[in-house]
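One-based numbering along the sequence shown. The shown structure was predicted, so the numbers you read here are calculated from the model rather than taken from an experiment.
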Amino acid sequence: MHTGKIDAVAQQPILGKGRLHFLDQFRGFALLGLPFVNVLALWLIATPETAADFWLQRGLNLLVEARFYTIFTFLFGLGFYMFLSRSATTGGKPRLRLYIRRLAILVLIGFIHQQYQSGEALFYYAVVGLLAVPLYWAPRRIKLLIGLAGFVIAAVMGVKLLTIPFLIILGLAAGQYRLLDAINKGLRLRSLRMIWILSLLGTILAISAMWWVAPSEPMPSFLFEVAGETPSPTMEAAFTLAHIGVATGPLVSVFYLSSLLMLGRTRVGAKMLYPLQAYGRMALTNYIGQTVFLVGIQRLILNTTPTTYVVSTLVSLGIVIFQIIASHLWMRWFQYGPLEWLWRCGTYWTLVPIRKKTGDL
């Protein structure tokens with residue numbers, strides 16, 4: 001295996017002051033909500049029969065569903081921009097072969113993951129990332145317009161999967177608009193507060209609309225339509241609820257992320273968010289790991305036995321807590337998570353050191 005000088009520089013992780021720790025926190029925060037939703041597709045969850053199950057279901061629909069995946073997808077688009085711009089030579093040309101190899105590996109990982117988690121997103125991320133390569137050179141306004149227009153159309157249609165390419169394009173546009181630089185240099189508190197207040201108001205309106213249309217009766221955990229039959233009023237209301245959730249996902253996500261930035265400006269808040277850094281740096285490992293845990297529990301313990309929202313929520317919470325602790329311990333000694341390391345080795349086609357140097361411990 002052989003790499004040039006530029007590859008050798010790009011292989012090194014950004015540590016210390018040069019690393020955008022808030023970006024790691026964003027990734028970690030996005031990971032927090034994923035198992036609580038993904039478990040619904042992996043386990044057989046009974047329609048709520050208790051008040052606890054009913055309110056957990058309602059809370060997931062209002063606060064979690066279509067909120068955290070929006071952040072995760074947008075951040076992938078940002079990562080798209082960061083990787084290509086960082087791999088650029090002094091002549092300003094990004095090293096496409098590295099990027100294509102990187103996403104080809106992700107296609108493989110996503111395809112394997114899809115065999116166990118039908119709702120997984122990595123495969124689609126990789127495919128969209130490959131198809132969207134020409135947009136890297138498009139003017140940022142074009143990317144912004146395509147992203148916004150496409151997302152609005154997908155939101156109106158209520159097709160969650162269709163929002164993925166446009167969220168990625170919006171992330172790519174945000175990178176070109178230097179959003180990360182603006183955040184890293186410190187948004188003016190007045191501007192950040194304005195973003196937070198406006199997104200809070202939008203979130204209140206979005207959740208109020210969802211609350212208004214939500215059925216008074218418990219909904220099944222999996223929404224479906226039977227060909228030739230008219231959906232029940234409860235099912236129709238559930239579809240409308242999900243539709244509004246997809247359409248308002250970015251608005252609530254902006255509120256969540258601006259809240260993190262506000263919280264991170266306080267001493268107590270910074271300490272609270274610190275555990276998310278290692279968790280976010282191991283995003284690929286932890287995302288796949290969540291599926292391993294959930295599928296393993298389903299196959300070894302639950303099998304075809306229906307369970308409740310209380311049980312699935314508690315198990316998901318336990319997985320998240322375990323992963324946060326494990327990530328923190330792992331990153332004390334290593335530069336990358338296990339899957340991140342394999343992904344990087346494949347990208348640069350060389351064996352990248354994984355252990356931290358003594359001075360970095």
Side-chain angles (χ1 to χ4, degrees), residues 30-49 53-73 76 106 109-128 154 157-164 167 210 214-215 218-226 231 234-235 237-247 249 253 283-320 323:
L31 279 169
L32 290 180
L34 298 183
F36 296 92
V37 174
N38 290 339
V39 68
L40 304 179
L42 295 172
W43 291 8
L44 183 60
I45 310 293
T47 300
E49 296 180 352
D53 274 357
F54 175 83
W55 289 112
L56 277 173
Q57 183 189 63
R58 186 60 54 89
L60 289 173
N61 277 283
L62 296 179
L63 304 174
V64 181
E65 175 62 43
R67 279 61 170 121
F68 290 83
Y69 102 91
T70 301
I71 299 172
F72 209 60
T73 308
F76 180 84
L106 191 62
I109 294 173
F111 177 77
I112 296 173
H113 189 220
Q114 208 170 55
Q115 309 311 303
Y116 302 92
Q117 160 63 294
S118 60
E120 83 92 36
L122 298 179
F123 179 81
Y124 299 106
Y125 288 179
V127 171
V128 171
M157 295 172 61
V159 182
K160 182 178 177 180
L161 188 63
L162 190 57
T163 65
I164 288 178
L167 287 170
M210 294 177 70
M219 301 174 290
S221 61
F222 186 77
L223 303 184
F224 60 91
E225 287 184 294
V226 179
T234 297
M235 190 64 73
F239 277 118
T240 303
L241 177 68
H243 192 152
I244 297 175
V246 170
S253 297
L284 178 61
T285 297
N286 286 322
Y287 179 61
I288 299 294
Q290 290 172 358
T291 299
V292 172
F293 277 116
L294 293 173
V295 171
I297 293 171
Q298 187 272 327
R299 295 192 176 185
L300 298 177
I301 300 176
L302 297 175
N303 203 357
T304 58
T305 304
T307 189
T308 65
Y309 275 87
V310 170
V311 172
S312 65
T313 300
L314 289 176
V315 170
S316 298
L317 180 61
I319 291 172
V320 166
Q323 287 188 322

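- The two residues Ile71 and Ala30 come nearest to each other via the heavy atoms CG2-CB, 3.8 Å.
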List the atom pairs, with distances to 0.1 Å, where a side-chain N or O of residues 298-307 and a protein N or O form a donor-acceptor pair under 3.5 Å, not counting sequence neighbours.
residue: Gln298; atom: NE2; partner: Asn303; partner atom: O; Å: 2.9
residue: Thr305; atom: OG1; partner: Leu302; partner atom: O; Å: 3.1

Indicate every side-chain donor-acceptor pair of residues 34-44 with a distance under 3.5 Å to a residue at least two apart or in another chain.
residue: Asn38; atom: ND2; partner: Leu34; partner atom: O; Å: 3.3
residue: Trp43; atom: NE1; partner: Leu294; partner atom: O; Å: 2.9

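- With hydrogens and angles ignored, the 3.5 Å screen pairs no side-chain donor or acceptor of Arg67 with any backbone N or O of Leu60.
- Of all heavy-atom pairs between Ser221 and Ile45, the closest is OG-O, 3.1 Å.
- Heavy-atom contacts from other residues, nucleotides or ligands closer than 6.0 Å to CZ of Phe54 number more than 12.
- Scored by the side-chain contact (heavy atoms from CB on, under 4.5 Å) test, Ala237 finds Pro215 as partners (sequence neighbours excluded).
- Under the side-chain contact (heavy atoms from CB on, under 4.5 Å) criterion, Thr285 pairs with Met282, Pro338, Leu339, Glu340, sequence neighbours left out.
- Qualifying side-chain hydrogen bond (donor to acceptor under 3.5 Å, both in side chains) partners for Thr70, counting only residues two or more places apart in sequence or in other chains: none.
- In terms of heavy atoms, Ala238 sits closest to Met219 at CB-SD, 3.4 Å.
- Of the possible polar contacts, none joining the Asp53 side chain to the Thr47 backbone as a donor-acceptor pair under 3.5 Å is found.
- Applying the side-chain hydrogen bond (donor to acceptor under 3.5 Å, both in side chains) rule to Thr163 yields the partners Tyr69; only residues at least two apart in sequence or on another chain are considered.
- Applying the side chain to side chain donor-acceptor pair (under 3.5 Å) rule to pairs touching residues 54-66 yields Gln57-Tyr309, Glu65-Lys160, sequence neighbours excluded.
- Rounded to the nearest 0.5 Å, atoms CG (Leu317) and CG (Leu32) are 10.0 Å apart.
- The side-chain hydrogen bond (donor to acceptor under 3.5 Å, both in side chains) check on His113 picks up Glu120, Thr291, with sequence neighbours excluded.
- Applying the ring-ring contact (aromatic ring centres under 6.0 Å, His included) rule to Phe123 yields no partners; only residues at least two apart in sequence or on another chain are considered.
- Evaluation of the side-chain contact (heavy atoms from CB on, under 4.5 Å) rule for Glu49 yields no partner, not counting sequence neighbours.
- Atoms CG and CD1, on Asn286 and Ile319 in that order, are 11.0 Å from each other to the nearest 0.5 Å.
- Shown here are the side-chain contact (heavy atoms from CB on, under 4.5 Å) partners of Val292, two or more places apart in sequence or in another chain: Ile288.
- Checked against ring-ring contact (aromatic ring centres under 6.0 Å, His included), Phe72 has the following partners two or more places apart in sequence or in another chain: Tyr287.
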